[in-house]
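Quick caveat, the model's predicted, so the values are computed rather than measured.
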Amino acid sequence: MKQPSVFLCMLAVMMVCACSHTYTQWESGKDVATTLEVVAQLDKGPGNITVTPAGKIVVSLHQFYGHDLRIASIDDNGQLIPFATAANVNSVLGLQADAEGVVWLLDNAMRGGTTRRLVGWDASEERLVVDIDLTEVTTDQSFLNDLAVDPVRNTVYIADPASGADAAIIVVDTVRSVARRVLQGHKSVIPEDIELVIDGSPVRILADDGSEIRPRTGINPIAIDKGGEWLYYGPMHGRSMYRIRTAGLRNAELAHDDLAVKAERWSDKPICDGISIDNAGNVYLGDLANNAIGVIGSDRKYRVLISDPRLSWVDAFSFGDSGFLYAVVNQLHRSAVLNGGESATKPPYLIVKFRPQSGGAIGR
């Protein structure tokens with residue numbers, strides 16, 4: 001939370017430079033400049049973002065805003081162009097491009113759909129590559145939210161926060177179209193009893209009976225490192241980042257308890273949504289409560305990189321060309337769904353980018 005005088009000072013600087021802003025980040029014991037640049041201003045609330053090897057920026061449109069458009073690319077003028085319409089997805093948040101230009105779409109079927117799916121779409125040839133039914137590895141409460149793609153091992157890891165206690169990771173073999181649900185109910189995927197408060201207001205959901213619910217969300221942030229050796233993840237409502245070797249997740253012979261002991265607590269973290277990892281192993285995340293972007297370094301310590309009132313629910317990081325890391329800013333806590341039934345959003349919603357401490361795999 002910022003004091004009013006600090007906020008006014010920041011606002012004054014923003015008025016001078018509406019498209020970028022420079023802050024101080026900590027790197028290797030010294031201060032360096034980090035610039036936040038606005039890439040596009042959208043009139044529709046984005047969900048997640050990815051960048052293809054060809055440089056195309058692709059976003060999902062968040063279901064909380066009820067847009068007819070499901071997925072779109074962003075043209076040079078910042079306009080949304082329908083993307084992968086022939087895939088006939090129902091409701092997508094998580095999406096990620098791989099090195100071959102396939103954009104993996106996670107259809108959570110939460111706009112009245114019936115089939116939860118993992119869809120691979122070739123962005124250059126505009127054709128369906130694979131369509132995997134995930135019905136057998138999901139529950140009635142499943143909310144397929146985000147994913148991490150390892151094309152080298154033909155594997156996709158999916159975060160399913162479900163209803164909390166039954167949160168889990170879903171491991172998908174994209175060649176055999178086989179999926180397994182693992183670590184269900186483990187402490188590394190279920191939420192902690194902590195509340196998200198942004199700009200002085202708690203996130204709250206209006207229940208059917210008129211009461212308010214303060215949500216607790218399980219596993220959401222999820223990403224793999226450069227070598228595909230480690231999966232980093234944790235509950236959204238949680239103060240811990242975990243990691244586990246992907247070899248263990250891919251081993252279908254491991255019993256639940258044998259796999260569970262391989263999950264290790266990596267570091268502290270704030271309440272966050274999406275994450276990404278650079279080639280040096282730095283984990284980037286959105287610090288939701290503080291309108292900030294932060295990083296967990298190789299020393300396993302969390303630091304704030306950029307603090308800016310425009311970072312109003314910053315989410316879904318993705319590396320693009322020239323080493324920039326892209327993210328969406330979607331004001332999700334101000335949506336009617338998370339604001340007690342009343343919308344307080346103020347478009348535009350933003351696509352932003354900044355230069356991280358090290359480069360990373362495009363799309364990831």
Side-chain angles (χ1 to χ4, degrees), residues 47-48 50 60 63 87 89-96 98 102-110 113-121 129-191 217-225 228 230-236 238 242-260 262-263 273-275 316 364:
N48 286 15
T50 193
S60 56
Q63 63 198 45
V89 294
N90 174 268
S91 181
V92 170
L93 285 181
L95 75 172
Q96 190 174 116
D98 65 24
V102 174
V103 179
W104 295 89
L105 308 170
L106 188 56
D107 189 345
N108 58 42
M110 294 190 74
T114 58
T115 305
R116 300 181 182 99
R117 309 152 57 202
L118 175 64
V119 175
W121 181 264
V129 176
V130 66
D131 191 341
I132 302 173
D133 189 330
L134 300 175
T135 303
E136 296 301 317
V137 291
T138 54
T139 71
D140 290 343
Q141 301 299 317
S142 283
F143 178 24
L144 304 184
N145 194 299
D146 210 345
L147 73 170
V149 178
D150 185 353
V152 174
R153 296 168 181 82
N154 300 307
T155 306
V156 174
Y157 306 95
I158 297 171
D160 182 7
S163 63
D166 57 347
I169 295 173
I170 297 171
V171 183
V172 185
D173 181 327
T174 59
V175 172
R176 298 189 297 139
S177 296
V178 174
R180 295 179 297 113
R181 189 177 184 87
V182 301
L183 292 178
Q184 178 167 305
H186 188 259
K187 66 179 181 180
S188 65
V189 298
I190 63 174
T217 303
I219 180 172
N220 188 338
I222 187 169
I224 55 174
D225 66 359
W230 292 96
L231 182 79
Y232 291 78
Y233 66 97
M236 175 178 166
Y242 294 86
R243 72 173 188 171
I244 190 170
R245 290 189 183 275
T246 58
L249 292 171
R250 296 193 307 276
N251 186 351
E253 303 301 318
L254 278 181
H256 172 87
D257 291 346
D258 294 330
L259 179 61
K262 295 181 180 297
D273 207 335
I275 62 173
R364 183 177 298 174

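Counting all heavy atoms, side chain and backbone alike, Ile222 lies closest to Tyr157 at CD1-O, 3.8 Å.
Side-chain contact between Tyr242 and Val189 is absent, with no heavy-atom pair separated by less than 4.5 Å. Proximity of Ser142 to Arg116: side-chain heavy atoms (C-beta onward) are separated by under 4.5 Å at one or more points. Under the 4.5 Å side-chain criterion, counting only non-hydrogen atoms from C-beta, Arg245 is in contact with Trp230.
Remark: the backbone N or O of Val137 is paired with a side-chain donor or acceptor of Arg181 at under 3.5 angstrom. Remark: the backbone N or O of Ser91 is not paired with any side-chain donor or acceptor of Gln63 at under 3.5 angstrom. In terms of modelled atom types and a separation under 3.5 Å, the side chain of Arg180 and the main chain of Leu249 share a donor-acceptor contact. Between the side chain of Ser60 and the backbone N or O of Asn48, at least one donor-acceptor pair lies under 3.5 Å. In this structure, Arg364 contributes its side chain and Asp225 its backbone to a donor-acceptor pair below 3.5 Å. Put simply, the side chain of Asp107 gets close to the backbone of Asn90: a donor and an acceptor are under 3.5 Å apart. At least one donor-acceptor pair closer than 3.5 Å links the side chain of Thr139 to the backbone N or O of Gln141.
Interatomic distance, Ile170 CD1 to Ile132 CD1, rounded to the nearest 0.5 Å: 11.5 Å. Atom CG of Asn145 sits about 7.5 Å away from atom CG of Asn108, to the nearest 0.5 Å. Atoms CG and CG, on Asp160 and Asp166 in that order, are 7.0 Å from each other to the nearest 0.5 Å.
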Query - Derivation and outcome, side chain to side chain contact (heavy atoms under 4.5 Å, CB included), residues Leu134 and Ile158 - result: CA-CA 11 Å; Leu134 300 175; Ile158 297 171; 3.8 Å; yes
Report task. Before giving the answer on side chain to side chain contact (heavy atoms under 4.5 Å, CB included), spell out for Ile169 and Leu231 the whole-Å C-alpha distance, their side-chain angles and the decisive distance to 0.1 Å. Result -> CA-CA 11 Å; Ile169 295 173; Leu231 182 79; 4.0 Å; yes
